[in-house]
Amino acid sequence: MGLWTRITRLFRRPEIAKGDFSTIPEHIAIIPDGNGRWAKKRGLPRSVGHREGSMALKKVVIYCSDIGVKYLSVFAFSTENWKRPKSEVDALMDLLVEFLRNAEKELDGSNVRIKVIGDTLGLPAELQQEILRVEKLTGVNDGLNLIICLNYGGRIELLDAVKKIAHKVKEGKLEVEDIDEKQLENCLYTAGIPEPDLLIRTSGEQRISNYLLWQCAYTEFWFTPELWPDVNGSHIAEALKAFELRNRRFGGISQ
Ligand code: IPE
Ligand code: IPE
Ligand code: MG
């Protein structure tokens, strides 16, 4: 067991264990928001908030892995985040490289499998290489699936899917009448990944910001005013407690 694993285990809250929940969502999606405000409150550069945010992410990944969540998807950089100042974008890209570079060491023993979705070809070459390396390395793991959404946008994902389908029709491989939800889902970046059961957004904002638009059709939403760098397993536990009380009807009626 690595040093990091030993340190992070100290932060774990043994009182919040798997058995404390009547149901654990199979897929939790997170919009980790508020890094910038966290830094501003302290008179620090926004990049410091992002660095603290990446540490919060490690804690949350370990917590979710411990309690048996199968899929955790995290919005790390949106297709709209390029609008930010170049210095902030560069700092974020560097941090992402660092996060992936240290991931297997710092998530040591967690058996986490990492997958990145989004327009990865639009990312810096160094980051693309790191993504390929870490996906290959952790591909053999069968624990929590950590899906990092990078240069991701729900609209562009849907547009890409529509184009893939149009090509299939043009090539005579698919009839227009046979286009159904399954066909479209198979063309999304998330093909093979179950829909999120629970979406958590921090920092008090209550919007979707172009995240998993198709996939969240029946997802339960949970919002907290907490800024992302302050988040740890206990906040996820709070979300899970709220999730337990939700009555998911999917358009039907209560049992
Ligand atoms: C979320 O924090 C992280 C990313 C978008 C990468 P923000 O950077 O959006 O923080 P706020 O919302 O400005 O506080
Ligand atoms: C959503 O947060 C994207 C990520 C967390 C990566 P933003 O901070 O970019 O969203 P808006 O602009 O407040 O909607
Ligand atoms: Mg934000």
Side-chain angles (χ1 to χ4, degrees), residues 27-61 64 71-103 114-124 126-128 130-131 134 146-159 188-190 193 196 198-216 219 221-232 235-236 239:
H27 181 174
I28 300 180
I30 300 188
I31 303 179
D33 201 7
N35 293 351
R37 276 162 283 170
W38 184 94
K40 196 173 175 210
K41 260 172 58 181
R42 291 162 178 79
L44 298 166
R46 292 178 60 88
S47 58
V48 178
H50 293 313
R51 177 166 292 279
E52 289 294 320
S54 84
M55 301 210 294
L57 177 60
K58 281 169 206 155
K59 285 186 220 164
V60 168
V61 171
C64 288
Y71 296 87
L72 178 67
S73 56
V74 181
F75 205 2
F77 193 88
S78 76
T79 45
E80 288 74 39
N81 286 147
W82 298 105
K83 292 178 190 164
R84 297 185 180 205
K86 186 176 180 300
S87 57
E88 179 172 349
V89 170
D90 288 349
L92 273 165
M93 295 298 149
D94 289 348
L95 254 177
L96 286 159
V97 170
E98 197 182 314
F99 180 89
L100 294 177
R101 193 163 281 156
N102 298 326
I114 299 178
K115 181 178 164 66
V116 174
I117 63 168
D119 179 10
T120 51
L121 295 177
L123 296 169
E126 192 188 10
L127 184 50
Q128 289 188 42
E130 204 46 50
I131 290 169
V134 86
L146 174 61
I147 299 134
I148 304 178
C149 304
L150 255 179
N151 199 12
Y152 172 88
R155 287 185 175 175
I156 196 81
E157 178 186 35
L158 281 165
L159 278 174
L188 296 174
Y189 307 151
T190 52
I193 299 170
L198 173 66
L199 174 98
I200 297 175
R201 183 167 188 158
T202 59
S203 87
E205 308 301 351
Q206 304 194 357
R207 54 177 170 261
I208 191 93
S209 299
N210 203 12
Y211 194 40
L212 301 174
L213 296 180
W214 171 281
Q215 297 86 339
C216 283
T219 300
F221 288 14
W222 187 81
F223 301 107
T224 173
E226 211 75 48
L227 301 175
W228 177 252
D230 292 325
V231 168
N232 58 41
H235 302 96
I236 306 301

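All values reported here derive from a predicted model rather than from experimental measurement. Just so you know, ligand 1 is whichever comes first in the structure, and atom 1 is the first atom listed for that ligand.
Here the N, O or S atom of Asp33 that is nearest to the Mg ion (ligand 3) is OD1.
Below 3.5 Å of separation, one finds an N or O of Arg84 facing an N or O of ligand 1. Remark: ligand 1 and Leu92 share no N or O pair separated by less than 3.5 Å (distance only, no angle test). The shortest N or O to N or O distance between Asp33 and ligand 1 is under 3.5 Å.
Taking every non-hydrogen atom of Arg207 and a distance limit under 4.0 Å, the qualifying atoms of ligand 2 come out as 11 (P), 13 (O), 14 (O). Counting atoms of ligand 1 from 1 in the listed order, those under 4.0 Å from a heavy atom of Asn81 are 5 (C). Close contacts of ligand 1 with His50, meaning ligand atoms under 4.0 Å from a residue heavy atom, involve 3 (C), 8 (O). Atoms of ligand 2 found under 4.0 Å from any heavy atom of Ser209 (numbered from 1 in listed order, with element): 10 (O), 11 (P), 14 (O). Every atom of ligand 2 is numbered from 1 in the order shown, and the set under 4.0 Å from a heavy atom of Ile31 is 1 (C), 5 (C).
Not a single heavy atom of Glu205 lies less than 4.0 angstrom from ligand 2. Look at Arg37 and you'll find every heavy atom at least 4.0 Å from all atoms of ligand 2. Using a 4.0 Å heavy-atom cutoff, Lys83 is absent from the residues neighbouring ligand 2.
Taking a distance limit of 4.0 Å, we find that atom 12 (O) of ligand 2 is approached by no protein heavy atom.
If you look at Arg46 next to ligand 1, the close heavy atoms, those under 4.0 Å, all belong to the side chain. For Phe77, every heavy-atom contact with ligand 2 shorter than 4.0 Å involves the backbone, none the side chain. Only the backbone of Ala76 comes within 4.0 Å of ligand 1, counting heavy atoms alone; no side-chain atom from C-beta on gets that close.
Contact record, Trp82 with Leu123: CZ2-CD2, 4.3 Å, taken as the closest heavy-atom pair. Annotation for Arg46 and Ala39: closest pair CA-CB, 3.9 Å, computed over non-hydrogen atoms. Taking both residues in full, the closest heavy atoms of Asn35 and His50 are given as ND2-ND1, 3.1 Å, listed atom of the first, atom of the second, then distance. Here the closest non-hydrogen pair linking Pro196 and Thr219 is O-OG1, 2.7 Å.
Summarising the local packing, CZ of Arg42 is surrounded by more than 12 heavy atoms from other residues, nucleotides or ligands at distances under 6.0 Å.
Between Lys58 and Phe99 the shortest side-chain heavy-atom distance falls below 4.5 Å. Taking 4.5 Å as the limit, every side-chain heavy atom of Phe221 sits out of range of all side-chain heavy atoms of Arg201.
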Working for side chain to side chain contact (heavy atoms under 4.5 Å, CB included), residues Ile193 and Leu188: CA-CA 10 Å; Ile193 299 170; Leu188 296 174; over 6 Å; no
Side chain to side chain contact (heavy atoms under 4.5 Å, CB included) assessment of Trp228 paired with Val60: CA-CA 10 Å; Trp228 177 252; Val60 168; 3.7 Å; yes
Criterion side chain to side chain contact (heavy atoms under 4.5 Å, CB included) on Phe75 and Leu212, from CA distance to verdict: CA-CA 9 Å; Phe75 205 2; Leu212 301 174; over 6 Å; no
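The pair Arg101-Glu126 counts as a salt bridge, with a side-chain nitrogen and a carboxylate oxygen less than 4.0 angstrom apart.
Across the listed options Ala39, Pro32, Gly36, Gly36 owns the non-hydrogen atom lying nearest to atom 10 (O) of ligand 1.
The nearest protein atom to atom 2 (O) of ligand 1, hydrogens excluded, is given as Asn35 N, 3.2 Å; this is a heavy-atom distance.
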